[in-house]
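Reminder, nothing fancy here: chain letters follow the sequence lines and each chain counts from 1. Excluded from the calculations below are hydrogen atoms, water molecules and symmetry mates; all remaining heavy atoms, backbone and side chain alike, are included. In this text, all values refer to a predicted model and were calculated from it rather than measured experimentally.
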Protein chains: 2
Amino acid sequence: MANLKYSRQRASIKEYLAGTVEHPTADTVYMHVKEEFPNISLGTVYRNLNLLADIGDAVKITTPDGGDRFDGRTEPHYHVVCCSCGKVEDLEMSSEEIASINNAADSIFDGKVTSHTTLFYGTCKDCLEKEK
Amino acid sequence: MANLKYSRQRASIKEYLAGTVEHPTADTVYMHVKEEFPNISLGTVYRNLNLLADIGDAVKITTPDGGDRFDGRTEPHYHVVCCSCGKVEDLEMSSEEIASINNAADSIFDGKVTSHTTLFYGTCKDCLEKEK
DNA sequence: CTATGTGCAAATCCTTTGCATCAAC
DNA sequence: GTTGATGCAAAGGATTTGCACATAG
């Protein structure tokens, strides 16, 4: 288990994640944090995003297309990817419901199920309106 | 919409997918199909796997680590990734239950939800026994 | 004959890593 | 002063793509 040492860069990344409802890619995080730390490198952003995800201060969302996305909200929750614009939004499903899906899976599976990730696909409100 | 033309290579890929319960990576598919077509290229395997996924004759399983995996079973179903050995197994959850999760999400989301993918994490039977 | 598929290799995208230097403790 | 963090650039792995040739229809 590694000993953590404070770093301004990591603090800034964490703060940015906490203050956005977007679900930015590593590159997007990089561009934003760069405003405060012009010399920060993409490698540092990746290292910190992975570190934050490892210690539970962020969530990595694996998506089929393009790069992974990161989320500062750490309680279990779901996401919807808009198939038209690619935006990722939170889906407010109750934690009870999420837990019950885990339990259902565990009771069916011949082994142990401890967690799951779900990614919904659809169309966001904005894109639905544009289609009209 | 492109016109499909028969190809022995594609048929072989499809046949291999249909006959295995593994959830092979593109590379694994490549190595197997290579036994029948020693000159087949990885590019062709990728092109066909994506094509099969597009027309609904295969499913691409996006995983957080390593490459994506492919599945010849096309009815909606879930998967469990073993955190110890990395194996991917089917989870026999009923299609009603899967559909109800979709509906639940659609009723909550401010937009339209049409489908979802879920990946469960846990430990498979074999690895559970080894731990003892 | 024409359109699609193939094999090959190069290119691309995203992410990780090695290393010298810098900052935290 | 020791250890972890950074910046840079190079390496890495998975996947896609451009192109000339082969093959299905």
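Residue A:Asn3 places no side-chain N or O under 4.0 Å from the OP1 or OP2 atom of D:dA5. Distances shown here put a side-chain N or O of B:Asn50 below 4.0 Å from the OP1 or OP2 atom of D:dT16. Using a 4.0 Å cut-off, no side-chain N or O of A:Tyr6 falls inside it from OP1 or OP2 of C:dA24. Phosphate proximity of C:dT16 to A:Tyr46: absent, as no side-chain N or O sits under 4.0 Å from OP1 or OP2. For D:dA9, the OP1/OP2 oxygens have no side-chain nitrogen or oxygen of A:Ser41 closer than 4.0 Å.
C:dG18 atom C1' lies 16 Å from atom CG of A:Leu42, rounded to whole Å. The distance between atom CG of B:Asp68 and atom C1' of D:dG13, rounded to the nearest whole Å, is 13 Å. What separates CD1 of B:Ile55 from P of C:dT4 is a distance of 14 Å, to the nearest Å. Atom P of nucleotide D:dT15 and atom CG of B:Leu49 are separated by 10 Å, given to the nearest angstrom. Here the C1' atom of nucleotide D:dC8 and the CZ atom of A:Phe37 are 18 Å apart, to the nearest Å. Atoms CG (A:Leu51) and P (C:dT15) sit 17 Å apart, rounded to a whole Å. For the pair A:Phe70 CZ and C:dC14 P, the computed distance is 13 Å after rounding to whole Å. A straight line from OH of A:Tyr30 to P of C:dT15 spans 14 Å, rounded to a whole angstrom.
The distance from atom CD1 of A:Ile101 to atom OG1 of A:Thr118, rounded to the nearest 0.5 Å, is 6.0 Å. Expressed to the nearest 0.5 Å, how far CG of A:Asp27 lies from CG of A:Leu42 amounts to 6.0 Å.
Side-chain atoms of A:Val81 and A:Lys87, non-hydrogen and from C-beta on, never get closer than 4.5 Å to each other.
Of the candidate nucleotides C:dG7, C:dT15, C:dT6, C:dT6 has the atom lying nearest to any side-chain atom of B:Asn48.
Residue A:Asp27 is out of contact with every strand shown, counting any heavy-atom pair closer than 4.0 Å.
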Legend entry - Candidate pair A:Lys14 and A:Asn48, rule side-chain hydrogen bond (donor to acceptor under 3.5 Å, both in side chains), full reasoning: CA-CA 9 Å; A:Lys14 197 171 163 180; A:Asn48 279 304; over 6 Å; no
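Take the nearest nucleotide of DNA chain C for A:Arg47 and for A:Thr25: the residue whose nucleotide is more 5' is A:Thr25. Toward the 5' end of DNA chain D, the nearer of the two residues A:Gln9 and A:Lys5, judged by each one's closest nucleotide, is A:Lys5. Judged by closest nucleotide on DNA chain D, B:Thr44 is the one of B:Thr44 and B:Arg8 placed further toward the 5' end.
A salt bridge links B:Arg73 to B:Glu92: one of the charged nitrogens lies within less than 4.0 Å of a carboxylate oxygen.
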